[in-house]
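Shown next, in structure tokens, is the structure this report addresses.
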Amino acid sequence: MKIRKAVIPVAGLGTRFLPATKTVPKELLPIVDIPAIQYVVQEAVDSGISEVIFVTGRGKDSIEDHFDEIPELEQVLEERGQKEAVQSLRQLAEMIEVVSVRQKKPLGLGHAVFCARDLVGDEPFAVLLSDDLIEAPVPCMRQLMEIFEEKKESVLALRRVPEDQVRRYGIVQ
């Protein structure tokens, strides 16, 4: 089976980036002028995924809104002659099918992925996180999907982290 869906857990509290994340989801913090989550979704699209499932929490509606149409904004931009901005917003809204499910309590990454089970069904799926962005000629997710298609087994990408981060953030080695 081909991987068509990606689960992107975005329900976390963003405590590592406080106070910036008190009212703005960490996934929407920009890297220059593009929110981190947009890079993650673009990687999914570039890897051949056709549906993204956001696992959201309270205060995270703006993540889904980022990938939605905003006709009022488009109209104002059109009236101002900002056609490139309008085109950019439309491309963003059309880049992929986005659905979401709510994680009512922050019970960890495994629980967040479990919350998407009804939307995933029995098919293989990808899990993407917005904590680390990996630049590569062939998207990291595409590379993992190619290995999955060959081996027909689950595949993980791992990255070493400094020892102080292991202790500070409770990362399992």
Taking Val45 as the starting point, is it possible to reach Leu92 by hopping between hydrophobic residues whose side chains are less than 4.5 Å apart? yes
Under 3.5 Å, is there a donor-acceptor pair between the side chain of Ser88 and the main chain of Glu84? no
Kindly check if the number of other-residue, nucleotide or ligand heavy atoms within 6.0 Å of NZ (Lys83) is above 12? no
Compare every heavy atom of Ser47 with every heavy atom of Met145, then report the nearest pair and how far apart it is. CE-O, 3.3 Å
A side-chain contact here means heavy atoms from C-beta on lying under 4.5 Å apart; do Val55 and Val10 qualify? no
Would you call Val40 and Leu133 a side-chain contact if the rule is heavy atoms closer than 4.5 Å? yes
Side chains of Gln38 and Val41, heavy atoms from C-beta outward: is any pair under 4.5 Å? no
Taking salt bridge (charged side-chain N to carboxylate O under 4.0 Å, His left out) as the definition, give me every residue that meets it alongside Glu123, ordered by chain and number, with sequence neighbours left out. Arg4, Lys5
Are the side chains of Thr15 and Thr21 in touch, meaning some heavy atoms are under 4.5 Å apart? no
Is it true that Asp61 and Arg102 have a side-chain N and a carboxylate O under 4.0 angstrom from each other? yes
Using a 3.5 Å distance criterion without hydrogens, assess whether the side chain of Arg142 forms a donor-acceptor pair with backbone atoms of Pro139. no
Glu74 meets the salt bridge (charged side-chain N to carboxylate O under 4.0 Å, His left out) criterion, sequence neighbours left out, with Arg90
Tightest non-hydrogen contact, residues Val101 and Ala116, listed as CG1-CA, 4.1 Å
On a heavy-atom basis, which atom in Glu43 and which in Cys140 lie closest, and how many Å separate them? OE2-N, 3.3 Å
Would you sort out whether Lys60 and Asp65 count as a salt bridge (Lys or Arg N to Asp or Glu O under 4.0 Å), showing the intermediate values? CA-CA 9 Å; Lys60 300 288 187 130; Asp65 291 346; over 6 Å; no
Which atoms form the tightest heavy-atom contact between Ala36 and Ser130, and what is the distance? CB-O, 4.4 Å
Salt bridge (charged side-chain N to carboxylate O under 4.0 Å, His left out) partners of Arg58, counting only residues at least two apart: none
Is there a donor-acceptor pair under 3.5 Å between the side chain of Lys2 and the backbone N or O of Glu149? no
Polar side-chain atom of Gln143 near backbone of Val138 as donor-acceptor pair, under 3.5 Å: yes
Hey, does Met95 have a side-chain heavy atom less than 4.5 Å from the side chain of Phe67? yes
Locate the shortest heavy-atom distance separating His111 from Lys105; write the atom from each residue and the value. ND1-O, 4.2 Å
Glu69 atom CD: more than 12 heavy-atom contacts under 6.0 Å: no
For the residue pair Val155 and Ile147, what are the closest heavy atoms and their distance? CG2-CG2, 3.7 Å
For Glu79 and Gln75, which I'm curious about, is there any donor-acceptor pair between the side chains at under 3.5 Å? yes
As a test of understanding, state which of Ile49, Val127, Asp46 forms a side chain to side chain contact (heavy atoms under 4.5 Å, CB included) with Met141. Ile49
Could you check Ile63 against Thr56 for side-chain contact (heavy atoms from CB on, under 4.5 Å), going step by step and ending with a plain yes or no? CA-CA 8 Å; Ile63 295 170; Thr56 65; 5.6 Å; no
